[in-house]
Amino acid sequence: MDPASFERRSDCEWEVPPQGGMRVPGIIYADRALIEAMDEKVREQVRNVATLPGIVKASFAMPDAHWGYGFPIGGVAAFDAAEGGVVSAGGVGFDISCGVRTLLTGLRRNDLQGHEQRLADALFAAIPAGVGSTGHLRLEDREMDAMLAGGARWAVQRGYGEAADLERVEERGCMAGADPGAVSGRARQRQRDEMGTLGSGNHYLEVQEVVDIQDPDTAAVFGLRQGDIVVSIHCGSRGLGHQIGTEFLKRMALAAPDHGIDLPDRELACAPLESALGREYLGAMRAAINCALANRQILTHLTRMAFFEVLPQADLRLLYDVSHNTCKEEPHEVEGRTRRLFVHRKGATRAFGPGHPDLPEVFRDTGQPVLIGGSMGTASWILVGEAGSEQRSFASACHGAGRAMSRHQAARRWKGRQLVDELAGRGILIRSVSSRGVAEEAPGAYKDVGAVVEAARCAGLARPVARLEPVVCIKG
DNA sequence: ATGTCC
């Protein structure tokens, strides 16, 4: 996009002034180079979101924004139920509560020396990955209900992981307000065998080295030192979230005229927060959040088992678990008044700053860890929430590098086998069930995550704490 | 993202 076509508010803040049906302005947080590289579709989608009923303040895009279904990926928008505000299935995304959790291992890079191949093999054997992959559990209906209501808390009760993990999961491991009854039979059927699986696409489990510390004081609170080994897991709610997204998108599009909503794009399908359909979606979506939290909790247990086989001295403890595809009801101060808003974050990470009452005690003085996944073979980052992001983006930040090229283009340009060999030459071990999947996830198909993180810092959304480099990567 | 089109 042409930077000159925006009202520039500051170095890293670009405004799309309200026009046409826009109820509020659009705001894109990025530096000049990222704006230049962004597709024109991002502006169009930011403007479309700004037309939705009850939107508060602005339609936002994070520095890693790119073209998504209806809302941009990297989009943030908050709605007020009392002002006719809506909830949108496309505004959450199909992979409901997709997110990242990072585990501390107590290991240093030296401890891994000579064990990398065995660890990669053990993890690859332990972690079911790929399209349609199935796990070790079979959830009958009653157990499915318990999982959908209990989230990571349910998983810990069933022996997956430790009670101490729960304190370090957003919502303390269990999303309130979930309605298992709003989850269809087909969504349940799809998820029956898929608990504790990684999935495909950009999902991964990575063993990483902390290679650089930007903020030593915060890193100390997070338990991160240069040379430490950590594990990051990126995945979501698998078939269940996808099925819920598909079903409600269709129902919301069909019901829009009855709700008096005029959609500029069918993909923006939404329902009033105060309608029966809106409430039903919120209940189903929150159940899908619990599914994703339970899934990452089970994967954590499997990861611990694999490490125990190869490096029994490892002590895997959760740093934090964040979701980046959600709609959450949160109090936010707007023009001096605290209002309860429904904040859609689609490909955007919650980034609560210091003092936020919802954070566990350990992060009360620092702000929450903001976990940013890179692309395969490139760096990941751990950021920390800043107080100012509350006013700037409803306390949200970027979520990753963001695609620069379509899957199809990437698959034509690269060969999976060749990429695996190249990365092995740089000391990065890839294990994947799908050669095409690896090609689609080529590092060159993504933007530079470092530039995205720098823009998030420049915009005051979150502050870099540590940079991680991959050692082993298990891909779907 | 996704039993990569019920």
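Chain identifiers are assigned alphabetically (A, B, ...) following the order of the sequence lines, protein sequences preceding nucleic acid strands; residue numbering begins at 1 within each chain. These numbers come from a predicted model, not from an experiment.
If you take CG of A:Leu198 and P of B:dT2, they are 9 Å apart, rounded to a whole angstrom. For the pair A:Asn295 CG and B:dT2 P, the interatomic distance rounds to 10 Å; values are reported in whole Å. When rounded to the nearest whole Å, the span between CZ of A:Arg238 and C1' of B:dT2 equals 8 Å. Atom CG in A:Asn325 sits about 11 Å away from atom P in B:dT2, given to the nearest Å. Between A:Gln243 atom CD and B:dC6 atom P there is a gap of 9 Å when expressed in whole angstrom units. The distance between atom CD of A:Glu440 and atom P of B:dT2, rounded to the nearest whole Å, is 12 Å. Nucleotide B:dT2 holds its P atom 20 Å from the NE2 atom of A:His408, rounded to whole Å. As rounded to whole Å, 20 Å separates atom P of B:dT2 from atom CZ of A:Phe248.
Residue-level contact check: A:Gly201 touches the backbone only, with heavy atoms under 4.0 Å from sugar-phosphate atoms and none from bases. Within 4.0 Å (heavy atoms only), A:Gly199 reaches sugar-phosphate atoms of the nucleic acid but no base atom.
In this structure, A:Cys458 and A:Cys12 have their SG atoms less than 2.5 Å from one another.
Along DNA chain B, the nucleotide closest to A:Glu441 and the one closest to A:Val131 are compared, and the more 5′ of them pairs with A:Glu441.
Closest non-hydrogen pair, A:Ser396 versus A:Arg345, comes out as OG-NE, 2.8 Å. Contact record, A:Arg296 with A:Gly236: NH1-CA, 4.2 Å, taken as the closest heavy-atom pair.
Dashed line: the shortest gap from a side-chain N or O of A:Arg407 to OP1 or OP2 of B:dT4 is not under 4.0 Å. Look at A:Ser200 and you'll find a side-chain N or O under 4.0 angstrom from OP1 or OP2 of B:dT2.
The shortest distance between side-chain heavy atoms of A:Leu103 and A:Thr300 falls below 4.5 Å.
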